[in-house]
Amino acid sequence: MSALQNGKISRYIFSLLVLIVCIPGVMGQQNKDRKPPVKQAAKKPVAKKAEPQPLLRAISVQADVAGPFISKLQSSGVSYFEASADLNLRNKWFPVWEIGYANINHIADEGGQYIAKGMYNRIGINVNLLKTNNPKQIAQSTLFVGLRFGFSPFSYDIRNLPLADEYWKTGTVTNANDLKASAKWGEFVAGVRLNVFKNITLGWSGRLKMGLSTGAQTYSPWYVPGYGITGGTVWGFTYNIGYTIPLK
């Protein structure tokens with residue numbers, strides 16, 4: 001084999017060795033230059049916001065049917081009638097307005113007569129203690145506690161009121177007509193209301209009345225419309241039949 005052929009073979013072998021040595025380095029450098037794939041964070045499911053519920057859910061009107069019967073049973077010459085209306089605010093809060101009229105013609109054992117008549121109002125709020133499973137459903141059955149502020153401007157007469165004079169041991173009879181009073185008091189209320197048939201409700205409530213102020217100048221009234229017999233705290237009871245008007 002000639003020297004020329006030997007030289008070509010040597011150059012081929014040299015070139016092949018250079019490729020064998022250089023290729024791994026180049027491949028390694030390319031691998032270093034490649035950035036590892038970035039893992040995307042898993043997207044968290046977005047919680048759906050609860051739909052806002054309307055503030056005013058319903059309006060209810062009530063009438064107390066116990067008042068006339070209680071008046072007949074007491075035989076005290078007192079008759080009264082009252083009605084009420086309330087708003088359902090998100091099934092929790094129930095602002096209330098109660099209005100009534102009382103007529104009194106009472107004759108005491110000693111012969112004195114007390115005559116009075118007038119309107120009375122109570123305003124306040126009830127708090128529903130029952131939770132509604134479906135917030136879209138209107139709460140018509142409730143278990144509640146509440147507060148009231150009552151007031152009544154009224155007139156009254158006192159007739160044939162016997163007055164004894166302890167010094168002279170004598171007695172006189174006094175009459176006082178067209179007396180004016182403006183009574184104010186507070187009440188704590190607890191009760192229940194049940195939906196019995198197609199928005200028709202029945203309800204019971206008991207109430208403790210206290211803190212009476214009449215503003216009377218001369219003779220104190222014996223009975224205050226909306227409050228009852230004066231002289232201390234008074235218990236009251238109502239039995240209501242009502243109708244609820246749902247609102248969207």
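FYI, the numbering just counts along the sequence from 1.
- Residues L130 and S141 approach most closely at CD1-O, 3.9 Å, considering heavy atoms.
- For the atom pair OG (S60) and CG (N240), the distance works out to 11.0 Å, reported to the nearest 0.5 Å.
- Considering K92, R193, R148 in turn, R148 is the only one that fulfils the side-chain hydrogen bond (donor to acceptor under 3.5 Å, both in side chains) rule with N126.
- Nearest heavy-atom pair across V65 and I241 is CG1-CD1, 4.2 Å.
- Between L194 atom CG and I200 atom CD1 the span is 13.5 Å, to the nearest 0.5 Å.
- N103 contributes no side-chain N or O that, together with a main-chain N or O of S79, makes up a donor-acceptor pair within less than 3.5 Å.
- Remark: E98 engages R122 in a salt bridge, criterion side-chain N to carboxylate O under 4.0 Å.
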Step by step, would you call T174 with Y219 a side chain to side chain contact (heavy atoms under 4.5 Å, CB included)? CA-CA 11 Å; T174 299; Y219 299 100; 3.4 Å; yes
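- Atom OG of S213 is separated from atom OH of Y227 by 11.0 Å, given to the nearest 0.5 angstrom.
- Around the CH2 atom of W204, the shell of radius 6.0 Å holds more than 12 heavy atoms that belong to other residues, nucleotides or ligands.
- Residues Y239 and L202 meet the side-chain proximity criterion, which asks for heavy atoms closer than 4.5 Å.
- In this structure, I245 CD1 and N88 CG are separated by 12.5 Å, a value rounded to the nearest 0.5 Å.
- A continuous path of hydrophobic side-chain contacts links I229 to V78 [ILVMFWY only; heavy atoms under 4.5 Å].
- A 4.5 Å side-chain heavy-atom check between L89 and P95 finds at least one atom pair inside the cut-off.
- Relative orientation of the W222 and H106 rings is parallel, given thresholds of 30° and 60° on the angle between their planes.
- Residues S152 and F154 share a closest heavy-atom pair of O-CD2, 3.4 Å.
- Between D157 and K117, none of the side-chain N atoms (NZ, or NE/NH1/NH2) sits under 4.0 Å from a carboxylate O, so this pair counts as no salt bridge.
- For the pair W235 and L208, the minimum side-chain heavy-atom distance is below 4.5 Å.
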Can you check ring-ring contact (aromatic ring centres under 6.0 Å, His included) on Y114 and Y223, steps first, answer last? CA-CA 8 Å; Y114 178 81; Y223 188 101; 7.6 Å; no
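- You'll find the side chain of D64 stays beyond 4.5 Å of the side chain of F81, heavy atoms only.
- Between R207 and T238 there is a side-chain heavy-atom pair separated by less than 4.5 Å.
- Interatomic distance, CG of L247 versus CD1 of I59, reported as 5.0 Å (0.5 Å rounding).
- Inspection of the N121 and W97 side chains reveals an N or O donor paired with an N or O acceptor under 3.5 Å.
- At a threshold of 4.5 Å between non-hydrogen side-chain atoms, the residues I115 and R159 count as touching.
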Going through the distances and angles, do N105 and Q113 end up as a side chain to side chain contact (heavy atoms under 4.5 Å, CB included)? CA-CA 7 Å; N105 189 348; Q113 185 177 13; 2.8 Å; yes
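- With a 4.5 Å cut-off on side-chain heavy atoms, F144 and L129 do not count as touching.
- Closest non-hydrogen pair, S155 versus K180, comes out as CB-NZ, 3.8 Å.
- Looking only at distances, a side-chain donor or acceptor of K209 sits under 3.5 Å from a matching main-chain atom of G226.
- The shortest heavy-atom contact between P225 and G118 is CB-O, 3.9 Å.
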Determine, stepwise, if the pair V127 / W93 fulfils side chain to side chain contact (heavy atoms under 4.5 Å, CB included). CA-CA 5 Å; V127 180; W93 308 97; 3.4 Å; yes
Could you check V224 against W185 for side chain to side chain contact (heavy atoms under 4.5 Å, CB included), going step by step and ending with a plain yes or no? CA-CA 10 Å; V224 172; W185 67 93; 4.1 Å; yes
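- F94 and V61 fall into different hydrophobic clusters, where Ile, Leu, Val, Met, Phe, Trp and Tyr are joined by side-chain heavy atoms under 4.5 Å apart, directly or via other members.
- In terms of heavy-atom proximity, T244 sits nearest to A58 at CG2-CB, 3.8 Å.
- In this structure, the separation between OG1 on T142 and CG on N128 is 5.0 Å, given to the nearest 0.5 Å.
- Hydrophobic cluster membership differs between I104 and M119, with clusters built from Ile, Leu, Val, Met, Phe, Trp and Tyr side chains linked at under 4.5 angstrom.
- Cluster membership for V189 and I123, using ILVMFWY side-chain heavy atoms within less than 4.5 angstrom, is not shared.
- Judged by distance alone, the side chains of Y120 and E82 do bring a donor and an acceptor atom under 3.5 Å apart.
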